[in-house]
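Before any comments, here is the structure.
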Amino acid sequence: MHDLSFDIAHMLAGSLVLVSFMMIYQARLYALLNAFAMQAFLLATAVAWQAYIRDAPHLYASAAIALVFKAIIVPWALHRMVQRLGIHREIETVVGVVPTMLAGMGLVALSILLMLQLTETADSALAREDLAFSLSVILLGILMMVTRRNAVSQVVGFMSLENGLILAATGAQGMPFVVEISVAFSVLVAMIVIGVFLFRIRERFDSVDTEAIEQFRGEKQA
Amino acid sequence: MELIGAFLLQGLQMIVVLALAPGLTGLVRKIKARLTRHRGAPVLQPYRDLWRLSRKEVVLADNASWLFRVSPYMIFAATWVAAALVPTFAIGLYFSWTADLIAIVALLGSARFFLALAGMDVGTSFGGIGASREMMIGAFAEPAMLLMVFTVALVAGSTQLSNVAAFMQSDAVGIRVSLGMAMIALIIVALAENARIPVDNPATHLELTMVHEAMVLEYSGRHLAMIEIAASLKLILYISLIGAIFLPFGIGPASTGIFGLALGLALFLGKLAGASLLLAVFETSIAKMRVFRVPEFLGAALMLGLLGTLLLFVSRSL
Amino acid sequence: MIDTVVGIVAALLALSLVATMLPKTLASATLVYAISAAGCILLAAAAIAFLAGSAVPRTVVLPIGLPWLGAHLGMDALSAVFLLLLGVGGAAASLYAVGYGRHEAEPHRILPFYPGFLGAMAVVVLAQDAFTFLLSWEVMSLLSWALVLPHHHADATRRASFVYLTMAGFGAMTLLLAFGLMAGSAGAYDFASIREMERGTTLAAVIVILMLVGAGSKAGLMPLHVWLPVAHPAAPSHVSALMSGVMTKIAIYGFVRVVFDLLGPVPWWISPPVILLGSITAVMGILHAINDGDSKRILAWSTIENIGVIFAALGLALAFKSGAMPGLAALAMTAALVHAMNHMAFKSLLFMVAGAVLNATGRRDLDALGGLIGRMPVTAFLALVGVMAISALPPLNGFVSEWLLFQSVLQSPQLPQPGLQFLVPAAGGILALTAALAAAAFVRFYGITFLGRPRSEAAGTATEVDRWSLGAMAGLVALCVLAGIFPGLLIDFVGPAVGIATGGQLAAQGGNAFATLLPLARVDSSYSGLLVMAFVAIAGGGAAWVVHRTASRAVRRGPAWDCGFPNADPITQYGGGSFAQPLRRTFGAVIAARETVDMPAPGDNRPARHTASTADLAWRHVYDPLVALVDSATSRANALQFLTIRRYLSLVFGALIILLVGLAIWN
């Protein structure tokens, strides 16, 4: 049906969706960070493989950036942040794991259905598949942000959303280098800002539980 | 003449599976012991245990019914028939069309059904614990297994194991992430169904860690021997199933000559040894999870099966 | 053929009238039930003769009913299949009632309605015009309502009958609408003309929805199922067996007849709601069954589950049919019809078992039973086969229909719409979960009722029930076993009906070697119940023989081991609530499970109390708001009762003005 190179690309992209699910399943912060590192690693491999079979050398750079920044630097920095904040035990979820996974399954089905229909006229099967899976990863990232109380896990959700965007950009016939660098820097800046925020929040309120913070909003009753 | 040969081959498969099952359990225990720096019992100890048990007198509770006495044989028969239908060293055996994957799953379900009923028969609270937890685990393991069967059947085009194994050996398969997910789902279900860590601990008799052991607490003598060999048969069934579906090297059609069959048998023994090693390493590396995490664990297997099916549709429609 | 059948049905209806005049003795009860049984057996025989023979449909027109319409009664293959179902179920229930009827306090409250109920169901199946169909449907509802009421002294029974009557009326109204829409303004009400008419797709979809509501409410589809768990347990056991086993299938017949036969082409997008509704009904039904403490209510919830499975199969058949794949639609429809027949067999059997236990012990709640396998050995054995059948264990009949259903789910990649391609395996996953939960529910049901130690005095002194009850149960058990090991014959029997419904048919299965099932030759998935049963029997028996010969045969009795701390009090065994606890905890949110513990303070001597309860979400989210709405609306409208004369006059004046304005605008 399809040749080996497409099969491998399909496998890598599918594993990306799988690891996004795994991130939802994790109950401990360190395991979540490890899963995120694995997701970034898989993303780098997927982008590098597509660079190889499409003969698009600038994608190698994207893969390298994803590998260095997202698979190594960001998880390490978050790991240190978690250690210093001392919150390595807490991941509270709004609803249980099972309803979240069911919702995630529905989101993946929806995004695959939608993207495959929308891209009927496209001729590159690889691009279609990239777009379908990237929307799934994006939606799963947002789901994670929405169903987690802990600020660090929300940050990780945001990061995995970025990973989905990079996969989409890879599918869309490559991306100009400039855009990639700016995306990477914006990610770094966002991380620094969020890190500063976390320390401030923790100083002020002794916790990073965003539900607790709700109490101190001016207009709301306690 | 050909008919007799086919019958003999099918009978050989049944005997091979039965003969190897206790040895497999013994091998896993031996490797686990070695990994935890014990010497461990000899690999053939389960055979001796079975012989000893079957010669002992059975002690029945006063209020145990005929169901209690008949269940061990029912459990053994259902598990042995299911194990005999999974191709180990040859496919296309004479009775391989009798039952497909769905029927094998259901036969294992019958074995679990009777085990749970036997646990409830004497009317102790241990039996009740074991039975209710076993049915909870089964309530998730069975659909996870069926979803795995769906994924594999959607790829291979049939639920008959001989057809699936033949398809997996051919070139039409390619690398598919859905099959990888199905394999992981099957491994998770196999761990749960065989009462292995992280779901249940086969080595202790503490209430905290008992599911299977709690149900058979009242059994003794030859009844207990039947149940133990049924548990070993279940383990060899799952390993052969993983081998037949995902690693079908060496399983040739029944019509290849003696040399082909011997090669298939040798490869099968190799798969068993490899699986025992992996299982022992896995069991010694992780801790048992609490009982109410097990539905989440098996739910992950269910989701894997469903995700595999979804991804299959993606690759089909592209 | 059709004339004899009509004659038998008329005899049953007449028996109902005669029964009102019989003296209130036991002998008259036995007579009525015996004649009903004979009538049902004749109906079943006629249906078998029709299906096995030429299967040519014929209609008679009787000069009763509406003067310009008459009453069209006819039998084709679809009617014959359901007539067979009715005949077998009715015969078994009547035979059971001969023995069970002795325990009824007021048998004359049941007798006048019982044969009429059977007759009315038969007329529904034989009806070939809308008027006869609807009239007999209403008579069926009314008579079954009367049959729910015999124990009217209990509050719960009165409430159950009220709920049932309301839902039945509502369902009949939607059916009326559906038939009205189908007949159209031309007003041709007989089925032959309705079949010929052309309809737009939107109209067809609306009619399917109306049928889903109308027939679904009688069958027990969510969220219209609320009457089933209250009404079925309240009725006497033989009536419950008929209502659960047969009447719900008559509702299925109505749905199949209208949607698959009379309606013509249906748009594909109406099948996902049917499939989804069926799957959700199945899983919610069985979750409630696992948590319930009343043996009959457990069986009622299990009926809801099985109806959900049948509707899921029917939805699948609808999807394949609108995708122009009659062969695959035939597979799904065969699964649905075979499951309907299997369910009749094992659900009637289980209700009879519950009735036998009720007779022997006087108790229905699980936590008062136990140890009955010793006191009622034959019932326990027959119940074991019934429980195995309903849990879909090979080689019995429950497994055959599950297998067929899964095989048709596996054909979903053939469907043209990608949405359906995703939905069907997901629904298949839900159905697989349902099957596994059903096994858990019935291990609990059988284990707590029959195994273990007796939890009450009544269970400890129970005795076996009479021969008639045992005979009826044994007959159903034999059917379960035969349908399990010779499923090909059953499939060939329902073949012509499947042909009417979907336009396709499975290959003949009767001639396969060793009674194997091979529904789709291209797929090459097969199953042989006969061989599986033979293998398991040989393996088990052979093992027992070998072990007894070569090893020991010694047995010694002693007290239970129980880890060295046996407790003599049977209350320390697992009860219904404790057995369900792991599943209740996992699925708690879906069934509104709640557990509270009331611990006394230290020093207080009263016992601690643990309460576990579940609630039907449909009541909470659908019916309670509806009732509240009706309540508030009627309270407001009540103000209309107390107006002054001037106000009433102004109301009349206002209505007149509105009509005049309307007339002006229209012109």
Side-chain angles (χ1 to χ4, degrees), chain B residues 54-63 65 67 73-74 76-78 80-81 95 97-100 102-103 106-107 109-110 113 116-117 120-126 128 131-133 135-136 138-139 142-143 146-147 150 153-154 157-160 163 217-218 222 292 295 306 309-310 313 317, chain C residues 370-371 373-374 391-394 399 403 406 410 413 418 421-422 425-426 428-429 432-433 436-437 439-440 443 446-447 451-453 523-528 531-532 535-536 539-540 543-544 547 551-552 554-563 570 572-574 578-579 581-583 585-586:
Chain B
S54 57
R55 285 197 340 221
K56 284 192 151 201
E57 175 185 60
V58 160
V59 179
L60 280 179
D62 285 323
N63 62 335
S65 65
L67 189 60
Y73 299 105
M74 285 290 313
F76 170 73
W80 192 22
V81 169
F95 288 114
W97 45 263
T98 310
D100 61 343
I102 301 179
L107 273 172
S110 332
F113 192 84
L117 283 181
M120 297 188 75
D121 187 62
V122 179
T124 62
S125 45
F126 280 105
S132 80
R133 288 179 181 176
M135 295 318 287
M136 173 190 77
E142 215 176 276
L146 276 171
L147 271 176
F150 281 174
L154 285 173
S158 162
T159 50
Q160 211 68 36
N163 296 349
L217 197 63
E218 300 289 330
R222 57 183 181 275
F292 295 114
L306 202 54
T309 318
L310 267 181
F313 284 134
S317 24
Chain C
I373 193 170
S391 310
L393 301 181
F399 178 68
W403 190 83
F406 286 143
L410 279 170
Q421 286 184 1
F422 282 178
L433 179 64
L437 286 173
V443 164
Y446 189 82
L451 303 177
R453 295 172 280 161
V523 172
D524 198 28
S525 300
S526 56
Y527 162 71
S528 167
L531 279 181
V532 166
F535 285 162
V536 169
V547 165
S552 131
V555 170
R556 180 161 58 95
R557 290 271 179 178
W561 159 238
D562 208 1
C563 254
T572 57
Q573 292 175 93
Y574 254 44
S578 22
F579 193 94
Q581 192 256 357
L583 284 165
R585 187 173 157 147
T586 317

Could you have a look at [options] and say which one has the most heavy-atom pairs with chain B under 4.5 angstrom?
{"options": "C:L433, C:T572, C:L437", "answer": "C:L433"}
{"options": "C:A543, C:P582, C:G371, C:P413", "answer": "C:P582"}
{"options": "C:G558, C:G374, C:A439, C:G429", "answer": "C:G558"}
{"options": "C:G370, C:A432, C:A426, C:S525", "answer": "C:S525"}
{"options": "C:G540, C:S528, C:S526, C:G452", "answer": "C:S526"}
{"options": "C:L531, C:V443, C:V532, C:L583", "answer": "C:V443"}

Contacting region of [X] [heavy-atom separation from chain B under 4.5 Å]:
{"X": "C:R453", "result": "both"}
{"X": "C:F579", "result": "both"}
{"X": "C:V547", "result": "side chain"}

What's the separation between atom [atom1] in [X] and atom [atom2] in [Y], rounded to the nearest 0.5 Å?
{"X": "B:L146", "Y": "C:F406", "atom1": "CG", "atom2": "CZ", "result": "5.0 Å"}
{"X": "C:I373", "Y": "B:L67", "atom1": "CD1", "atom2": "CG", "result": "5.0 Å"}
{"X": "C:Q581", "Y": "B:M136", "atom1": "CD", "atom2": "CE", "result": "9.0 Å"}
{"X": "B:L310", "Y": "C:F422", "atom1": "CG", "atom2": "CZ", "result": "5.0 Å"}

For this session: Name all residues meeting the side-chain contact (heavy atoms from CB on, under 4.5 Å) criterion together with B:A77; count only those two or more places apart in sequence or in a different chain, and write none if there are none.
Result: C:V536, C:A539
Exercise. Taking only residues two or more places apart in sequence, or in another chain, which ones meet B:A153 in a side-chain contact (heavy atoms from CB on, under 4.5 Å)?
Worked result: B:T159, C:L410
Exercise. When you look at B:V59 and C:W561, which way does the side-chain contact (heavy atoms from CB on, under 4.5 Å) test go after all the steps?
Worked result: CA-CA 9 Å; B:V59 179; C:W561 159 238; over 6 Å; no
Heavy-atom pairs under 4.5 Å with chain C: which of [options] has the most?
{"options": "B:L117, B:V122, B:L107, B:L154", "result": "B:L117"}
{"options": "B:K56, B:R55, B:E218, B:M74", "result": "B:E218"}
{"options": "B:S158, B:S125, B:S65, B:A78", "result": "B:S158"}
{"options": "B:S132, B:P143, B:P295", "result": "B:S132"}

Interface moiety of [X] toward chain C, non-hydrogen atoms closer than 4.5 Å:
{"X": "B:F292", "result": "side chain"}
{"X": "B:D121", "result": "both"}
{"X": "B:W80", "result": "side chain"}
{"X": "B:L147", "result": "side chain"}

Exercise. Is a donor on one side and an acceptor on the other found under 3.5 Å between the side chain of C:R557 and the backbone of B:D62?
Worked result: yes
For this session: State whether the side chain of B:R222 and the backbone N or O of C:A554 hold a donor-acceptor pair below 3.5 Å, judged by distance alone.
Result: yes
Problem set entry | Nearest heavy-atom neighbours spanning C:L393 and B:G109 | CD2-C, 4.0 Å
Exercise. Of the non-hydrogen atoms in B:E142 and C:A436, which two are nearest, and what is the gap between them?
Worked result: CB-CB, 3.9 Å
